[in-house]
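Report on the following structure.
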Amino acid sequence: MTVARHSQLIVDQFTRWAKPFSELPIHAEADAMARTLRACALTPDSDVLDVACGPGILACAQAPLSRSVTGVDITPAMIEQAHARQAAAGLENMAWRVGDAIALPFESGSFDRVTTRYSFHHMPDPAATLAEMVRVCRSEGRIVVIDATPSPETQAAYDAMERLRDPSHTSALTLEQLREVGRAAGLREVVVDGYRLEAELSTLADLSDMPALVAMFDADIASGQNRIGVGAWRTRDGINFQFPVSIVAWERSDAAR
Ligand SMILES: C[S@@+](CC[C@H](N)C(=O)[O-])C[C@H]1O[C@@H](n2cnc3c(N)ncnc32)[C@H](O)[C@@H]1O
């Protein structure tokens with residue numbers, strides 16, 4: 001698939017899901033957010049860029065702890081949601097841009113912290129995305145990536161499940177693959193953390209349209225084999241599971257120490 005076609009898939013998917021995504025409580029879950037903010041190591045002097053910011057959930061949590069926060073996302077409907085969230089929270093030190101993570105519309109070295117959450121699994125080339133995040137980060141700055149990281153044994157089944165749920169999914173890196181992308185970019189790793197994020201499948205997809213996705217979960221639950229690696233189970237209300245999420249933070253190794 002061409003990059004342009006993939007970008008169109010992203011915009012289609014997230015235009016449809018912008019509002020439900022922004023309203024889903026799991027995306028602001030307290031423990032996950034606390035771990036993420038800890039890894040960001042924000043200070044009152046930090047100028048922050050959140051890449052693929054979606055409806056600005058992480059960016060709005062970063063803003064009270066920072067000098068300024070800018071969110072950039074390829075989907076205009078997400079940026080609309082972000083504006084609304086900022087206004088509702090009464091935050092003033094924020095700016096939003098529509099733009100592509102692969103060619104960020106900012107000068108090199110513009111930010112002290114460059115973060116991205118739940119986006120790497122949409123990127124055709126995560127290494128190129130990380131390189132672009134490094135470019136816009138100041139030399140003493142920090143880059144933080146938060147994403148689902150399946151185990152090596154479950155990665156193929158996890159990706160197959162995600163592609164059924166969301167055709168804009170490319171591949172979720174394992175934690176080791178994510179760490180390797182940072183090493184290959186010459187970064188110094190400073191934090192590795194993670195959490196499991198519990199989700200109800202019906203809140204993340206229109207299941208009436210996705211019998212193959214439901215069948216895949218049901219087979220996993222019936223066999224007890226956890227092939228997808230998300231520990232799925234059925235409740236009275238439907239299928240629940242846990243995203244295996246990692247947080248990795250790096251500093252540029254060219255920074256003076
Ligand atoms: C699952 S949402 C995550 C939103 C937000 N980061 C969060 O954690 O709440 C993924 C977001 O990545 C954005 N996205 C995907 N590919 C992108 C790209 N190449 N450039 C900018 N944004 C992108 C989508 O538009 C969507 O808003």
Side-chain angles (χ1 to χ4, degrees), residues 1-30 32-37 39-40 48-63 69-86 89 94 96-106 113-133 135-136 143-149 158-159 162-163 165-173 194-195 197 199 203-205 243 245-248:
M1 185 184 311
T2 65
V3 173
R5 170 79 193 113
H6 182 255
S7 297
Q8 193 52 53
L9 266 184
I10 296 272
V11 174
D12 290 350
Q13 175 76 7
F14 286 103
T15 298
R16 256 182 295 127
W17 280 89
K19 196 160 164 46
F21 187 99
S22 71
E23 291 169 352
L24 214 54
I26 60 164
H27 296 314
E29 200 271 322
M33 189 58 84
R35 286 174 182 279
T36 300
L37 292 175
C40 295
V48 180
L49 176 67
D50 189 37
V51 175
C53 65
I57 298 167
L58 174 56
C60 287
Q62 291 168 325
V69 180
T70 302
V72 60
D73 198 282
I74 202 169
T75 306
M78 281 294 200
I79 292 296
E80 274 171 38
Q81 290 295 324
H83 276 290
R85 177 173 290 265
Q86 176 195 352
M94 305 196 76
W96 308 102
R97 291 283 289 268
V98 174
D100 192 336
I102 207 65
L104 290 169
F106 305 103
R113 303 287 182 271
V114 184
T115 63
T116 191
R117 188 180 77 155
Y118 307 156
S119 75
F120 259 36
H121 63 271
H122 293 294
M123 300 297 168
D125 185 349
T129 303
L130 188 67
E132 188 61 355
M133 293 173 71
R135 180 185 69 76
V136 300
I143 296 118
V144 187
V145 174
I146 306 104
D147 204 7
T149 51
Y158 181 89
D159 281 340
E162 279 289 58
R163 283 188 207 114
R165 184 176 78 80
D166 171 359
S168 69
H169 179 93
T170 52
S171 178
L173 301 178
Y195 53 87
L197 192 65
T203 63
L204 302 175
F243 286 106
V245 180
S246 294
I247 302 169
V248 183

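Residues: numbered from 1 along the sequence shown. Ligands are counted one by one from 1 in listed order, and the atoms in each one are counted from 1 as well.
Side chain of Arg117 to main chain of Leu58: no donor-acceptor pair is present (N/O by atom type, distance under 3.5 Å, no hydrogens or angles). In this structure, Thr70 contributes its side chain and Trp96 its backbone to no donor-acceptor pair below 3.5 Å. Using a distance-only test at 3.5 Å, with no hydrogens or angles considered, no donor-acceptor pair links the side chain of Asp166 to the main chain of Gln13. No side-chain donor-acceptor contact under 3.5 Å links Arg85 to the backbone of Ala59.
Each of Ile10, Phe14, Phe21, Ala52, Cys53, Gly54, Asp73, Ile74, Thr75, Met78, Gly99, Asp100, Ala101, Arg117, Tyr118, His122, Met123 has a non-hydrogen atom positioned under 4.0 Å from some atom of ligand 1.
Atom NE2 of His169 is separated from atom CG of Asp159 by 3.5 Å, given to the nearest 0.5 angstrom.
Residue Asp147 is tested with His122, Met123, His121 for a side-chain contact (heavy atoms from CB on, under 4.5 Å); the sole match is His121.
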